[in-house]
Trainee: 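Before I ask anything, let me first share the structure, which is written out below as structure tokens.
A, B, ... follow the sequence lines: proteins, then strands. Residue 1 opens every chain.
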Protein chains: 2
Amino acid sequence: MQEGTMTKPGNLHETGGCQRVNTVLSRIGDKWSVQVIMRLSAGSLRFNELKREIGNVSQKMLSATLRGLERDGLVTRSVTPSVPPRVDYALTDLGHQLLVPVGALGDWAFANIDAVESARAAFDAAHSDAARA
Amino acid sequence: MQEGTMTKPGNLHETGGCQRVNTVLSRIGDKWSVQVIMRLSAGSLRFNELKREIGNVSQKMLSATLRGLERDGLVTRSVTPSVPPRVDYALTDLGHQLLVPVGALGDWAFANIDAVESARAAFDAAHSDAARA
DNA sequence: CCGTATCCCTCCGGATACTG
DNA sequence: CAGTATCCGGAGGGATACGG
């Protein structure tokens with residue numbers, strides 16, 4: 001982490017910055033955005049290809065997620081007006097750049113998921129101690 | 001991003017891994033976790049210190065967030081049974097390690113927030129074109 | 001001081017059906 | 001194929017009041 005940005009106590013009083021950054025974090029945290037970004041990292045995909053790959057996502061949420069990502073300038077939506085219509089989604093430069101920190105986070109999560117899950121198990125066990133000495 | 005983990009197409013079929021990783025991403029994405037982790041990066045804080053620093057968080061959400069982080073093994077909760085009671089929260093090793101990728105993401109967000117916001121403005125303008133030629 | 005409990009309301013997200 | 005529209009349940013999250 002760098003000291004010169006939002007992590008320094010000196011500018012934490014600038015709450016506006018935290019709020020704005022939070023809007024980006026919220027997008028990362030929502031249920032499908034990361035999945036979509038990951039799938040598109042290999043190249044552009046059509047709507048139903050995306051839907052098939054992710055598997056358990058509804059059309060509603062997929063289109064909503066894609067619209068959100070498009071709105072944020074992270075993916076492009078290319079319509080080919082043929083019959084049947086064809087729509088391709090791809091990452092923008094910004095989207096590819098986002099892939100770097102998101103990938104780092106994903107790698108951390110992947111590396112530490114066992115630690116987190118065992119911590120959860122321990123915590124839950126310690127707090128359901130209706131049965132103990 | 002590394003090729004060897006969850007980002008490789010070869011193991012995307014292992015949906016269980018994605019699901020598990022998603023639980024961690026959800027914690028990052030929730031409204032207060034990142035703020036708390038950031039504040040605790042400088043050292044331990046008491047409940048109301050934390051609450052005051054963040055400012056607009058309710059007790060309910062702060063305690064819920066802290067319990068979640070504690071459950072995941074990211075923060076510790078130290079009770080000093082005095083009168084009045086004193087409770088200190090601090091990052092665990094795992095929490096400090098998480099700070100690295102989270103900081104990277106925060107830095108990305110901070111660096112690109114302008115691009116994202118202008119993309120949003122452009123998108124919104126293009127889609128509220130009830131008034132045009 | 002440090003929470004928990006309750007109420008209440010909004011938004012997320014799934015299922016289904018329909019349109020271009 | 002690529003969505004939109006509608007309905008609906010449930011989780012998220014704020015305000016307030018109360019307990020240890």
Trainee: Just by distance, do the side chain of A:Thr65 and the backbone of A:Ser33 share a donor-acceptor pair under 3.5 Å?
Mentor: no
Trainee: To the nearest Å, how far apart are A:Leu45 CG and D:dC1 P?
Mentor: 15 Å
Trainee: For the pair B:Ser82 (side chain) and B:Pro84 (backbone), establish whether a donor and an acceptor sit closer than 3.5 Å, ignoring hydrogens and angles.
Mentor: yes
Trainee: Can you check the A:Gln59 CD to D:dA5 P distance for me, whole Å?
Mentor: 14 Å
Trainee: Given atom CG of A:Asp88 and atom P of D:dG3, what is their separation to the nearest angstrom?
Mentor: 10 Å
Trainee: From the options C:dG14, D:dA2, D:dT4, select the nucleotide whose nearest atom is closest to the side chain of A:Ser58.
Mentor: C:dG14
Trainee: In this structure, how many angstroms lie between the P atom of D:dG12 and the CG atom of B:Asn56, rounded?
Mentor: 19 Å
Trainee: Does some side-chain heavy atom of A:Leu62 sit less than 4.5 Å from a side-chain heavy atom of A:Trp32?
Mentor: no
Trainee: B:Lys60 has a side chain; which of C:dA5, D:dG3, D:dC1 sits nearest to it?
Mentor: C:dA5
Trainee: Would you say A:Ser44's side chain and A:Asp88's backbone share a donor-acceptor pair under 3.5 angstrom?
Mentor: no
Trainee: Donor-acceptor pair under 3.5 Å: do we get one between B:Lys31's side chain and the base of D:dG13?
Mentor: no
Trainee: How many whole angstroms separate atom CG of B:Asp30 from atom P of D:dG14?
Mentor: 11 Å
